[in-house]
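Here the structure comes first, spelled out in structure tokens, and everything after it is commentary.
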Amino acid sequence: MNISKTLRGRAATAVSLTAVLALGATACGDDGSDSGTEGSGKGEITFWDNNGGPRTAIWTEIIKDFEKKNPDIEVTYVPIPIADVQSKYDTAIAGGGLPDVGGVGTAYLASMVSQEALEPVNDRLDGSPLKGKLVEGMVESVRAAAGRGDDLYSVPTSANNGALWYRTDLFEKAGLDAPTTWPKFYEAADKLTDAKNNKFGYTIRGGAGSIAQALDAIYGQTGITEFWDGDTTTLNDPKNVAALEKYAALFKKTTPSADVNNDFTKMVAQWDSGTIGMLSHNLGSYQDHVKALGEDKFAGIPAPIGEGGTRVQVSNPVDGLGLFRSSKNKNAAWKFIEFAASHESNSKWNESAGAIPANTEAAKDPWIGETEPTALAAKALTDGSTKIVDLPYYLPDWNNISKADNEPEFQKLLFGKVTAKAFLDKMAEELNAAQKEWKELGNG
């Protein structure tokens, strides 16, 4: 989540230096064992952005607005790269240096809650202008992800949604229909591939973040709508195994071989600069595509519809802002959270990111309908046409299981060193054990 000590008139070169210093110091926070204090509501607070770099410009603008309205509060901004955010938080929890406020996604919320790093915000929200002005579905997602009953450990700010981006110019030239169904997706992947001339139908995510994309593809194809059958995951259901076999077989056949190491930044850059037909990514890359291709050469649609006529997709993490227990100035930190989640700021941030606002007033702003992929995603999530498979973000081990523990295994799958069944069986065994442990601790 590079830093500016304050964002008033500081040169860009100072940003990186301050970030380095702030990450190496205890700043305004401490570790999770400190209960902190309410503070005066004035002075300095530290904010960690959990997607530093891509979202630095918009946070800089929002912080300037906040400091103008609250001249007695100074915000130190620390941008943490999205790939490093959980490890940065874990390191700070163990050794000190947590911020006052930080961006927290539901994918790793449970881990932070289990380490007692975050302060419940129920009471603050009840007495806030934000009460009743947050999308209830997002609030419930955050609440469920924490796994602590009714306690809310983050104020939701946005939700993303997966999109299948496709090159309309290439599809038209090849005489292909839009990839609105999985059969049409596979047909296009094959027909748009001319490997000898470095043209491919699809780019598959083989590096960081590969598991979530693969889960979206397999559940989307099979139409299975529940992640659990009792206390046993449906992940390695034979239908899912067959779907993963088909999806993984795209690698090097209709995708570039370099995809095996691609995280989202490399994958998006590759699609924007080349002649690849389709890309699975979320709404956040829309502006990158516009800059690279213009608005006339591509389109984005929600996940393809399965053969049964239903669109099924896995749940996307809800992003939010967490208040850290160790903060020495919780009053000032809460003012910042309220401001960032308010109508104007929340709308501004989500329009920049191409995401769906958590503020109900922001969700009604005109720009939602003006950006077709965002409008389609919002419609798909609200009109009942999409079935959501809720991933178990509440499991403290979820992020490790779905990332560090199995992303290397997914690369082995792409290379043919493990089978789809072996891959899913391993991951399912780990998830079943994590679910059992979670329930033995009195949850669920």
Side-chain angles (χ1 to χ4, degrees), residues 31-33 50 85-94 98 102-122 136-156 159 209-212 214-216 218-219 224-237 240 313-320 322-325 387-410 423-444:
D31 64 20
S33 64
N50 60 344
V85 63
Q86 186 175 11
S87 63
K88 293 291 186 183
Y89 278 136
D90 287 343
T91 299
I93 290 169
L98 284 169
V104 180
T106 49
Y108 48 89
L109 177 64
S111 175
M112 297 177 68
V113 169
S114 69
Q115 297 178 81
E116 306 297 339
L118 294 168
E119 176 114 335
V121 295
N122 305 59
E136 188 58 32
M138 295 191 200
V139 173
E140 287 304 315
S141 292
V142 170
R143 183 177 286 118
R148 290 282 184 91
D150 292 334
D151 284 340
L152 193 68
Y153 285 87
S154 174
V155 174
S210 59
I211 303 298
L215 295 186
D216 221 17
I218 64 175
Y219 279 98
I224 295 172
T225 58
E226 298 292 338
F227 192 80
W228 297 105
D229 181 5
D231 290 330
T232 303
T233 180
T234 60
L235 183 63
N236 57 339
D237 182 284
N240 281 345
Q313 64 180 62
V314 300
S315 55
N316 280 271
V318 174
D319 208 17
L323 175 64
F324 285 83
R325 284 169 49 91
K387 302 296 183 182
I388 304 296
V389 179
D390 289 315
L391 299 180
Y393 298 126
Y394 58 85
L395 293 176
D397 290 335
W398 166 253
N399 220 31
N400 286 329
I401 292 171
S402 64
K403 291 183 180 293
D405 291 351
N406 285 293
E407 286 176 348
E409 293 298 310
F410 186 73
F423 171 80
L424 291 177
D425 281 346
K426 173 184 179 294
M427 192 169 170
E429 182 179 357
E430 294 167 355
L431 286 164
N432 291 337
Q435 175 79 346
K436 180 181 179 181
E437 181 180 2
W438 185 75
K439 286 207 164 185
E440 286 175 347
L441 292 173
N443 300 301

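- Under the 30°/60° scheme for interplanar angles, the aromatic rings of Y108 and Y89 are found to be tilted.
- Of all the heavy atoms in P156 and V139, the pair that sits closest is CG-CG2, 3.9 Å.
- Here the straight-line distance linking atom CG of L395 with atom CG of N400 works out to 11.5 Å at 0.5 Å rounding.
- A pairwise comparison of heavy atoms in P396 and S111 identifies O-CB, 3.9 Å as the closest pair.
- Rounded to the nearest 0.5 Å, atoms CD1 (I388) and CG (N316) are 7.5 Å apart.
- Separating the CE atom in M427 from the CD1 atom in I211 is a distance of 5.5 Å, to the nearest 0.5 Å.
- Residues L118 and L109 share a closest heavy-atom pair of CD1-CD1, 3.5 Å.
- No donor-acceptor distance shorter than 3.5 angstrom exists from the side chain of S210 to the backbone of E407, with no hydrogens or angles considered.
- In this structure, R143 contributes its side chain and D150 its backbone to a donor-acceptor pair below 3.5 Å.
- A donor-acceptor pair under 3.5 Å is absent between the side-chain atoms of D216 and the main chain of Q313, judged by distance alone.
- The nearest pair of heavy atoms linking A428 to L235 is N-CD2, 4.1 Å.
- For the atom pair CZ of F227 and OG1 of T234, the computed distance is 6.5 Å after rounding to the nearest 0.5 Å.
- In this structure, Y219 and N240 have side chains that are in contact, with non-hydrogen atoms separated by less than 4.5 Å.
- No more than 12 heavy atoms of other residues, nucleotides or ligands shown are found within 6.0 angstrom of CD on E429.
- In this structure, V104 and G322 approach most closely via the heavy-atom pair CG2-N, 4.1 Å.
- Under a 3.5 Å cut-off, the side chain of D425 and the backbone N or O of N236 do not form any donor-acceptor pair.
- More than 12 heavy atoms of other residues, nucleotides or ligands sit less than 6.0 Å from atom NZ of K426.
- The line from CD of Q115 to CG of D90 is 5.0 Å long, rounded to the nearest 0.5 Å.
- Between T233 and N432, the closest heavy-atom pair is N-OD1, 2.9 Å.
- Relative orientation of the Y393 and W398 rings is perpendicular, given thresholds of 30° and 60° on the angle between their planes.
- Once rounded to the nearest 0.5 Å, the distance linking CD of E226 with CD1 of I224 reads 10.5 Å.
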